Amino acid sequence: MTFDEYQKLAKRTDLGDATKGWNDPINFEKLLGLGGEAGELMDKFKKVLRDKGGVVSEIDRVKIVKEIGDVLWYLAVITDHLGVKFDEPARVNIAKLASRAERNLIHGAGDNR
Ligand SMILES: [Mg+2]
């Protein structure tokens with residue numbers, strides 16, 4: 001499945017309205033939802049670190065994959081609401097990282113390295 005194919009499928013369950021602004025509650029909820037799901041993902045890893053010595057079991061892996069999917073859904077619909085195909089941020093990110101690697105700037109800080 002490509003990013004664009006995933007985005008089209010995710011849109012089927014998006015109740016938001018891209019014609020309205022981000023301050024419309026159903027759209028703003030997407031931004032809050034992304035943060036919430038990212039928190040749920042981090043919580044799964046926290047429990048692995050706290051309770052299991054950092055070892056991810058098969059059950060943990062299934063739970064983590066589900067949370068990554070939840071994060072992915074919000075990213076896909078937020079991107080759609082921006083009028084951007086979902087493969088664009090993926091391509092832009094890989095190009096950015098490749099450029100940094102070529103210039104030996106993978107390590108370090110700053111958005112515009
Ligand atoms: Mg979740």
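Bear in mind the structure is a predicted one, so any value in this text is a computation, not a measurement. Keep in mind that the numbers below use all heavy atoms, side chains included, and drop hydrogens, waters and symmetry copies. Whatever order the structure lists them in is the order used to number ligands and atoms, beginning at 1.
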(message) Let me check something: do Val92 and Leu82 share a hydrophobic cluster, defined by ILVMFWY side-chain heavy atoms less than 4.5 Å apart, either directly or through other members?
(response) no
(message) Which atom name does Asp70 have for its N/O/S atom nearest to the Mg ion (ligand 1)?
(response) OD2
(message) Looking at Asp51 and Lys46, is any side-chain nitrogen of the basic one under 4.0 Å from a carboxylate oxygen of the acidic one?
(response) no
(message) If we check side chain to side chain contact (heavy atoms under 4.5 Å, CB included) with Trp73, which of these qualifies: Val77, Asp70, Val71?
(response) Val77
(request) Measure from the Mg ion (ligand 1) to every N/O/S atom of Glu67 and report the name of the nearest one. (result) OE1
(request) Over 60° means perpendicular and under 30° means parallel, so classify the ring planes of Phe3 and Phe86, tilted if in between. (result) perpendicular
(message) How wide is the angle at the Mg ion (ligand 1) spanned by Glu37 OE1 and Glu40 OE1, rounded to 10 degrees?
(response) 90°
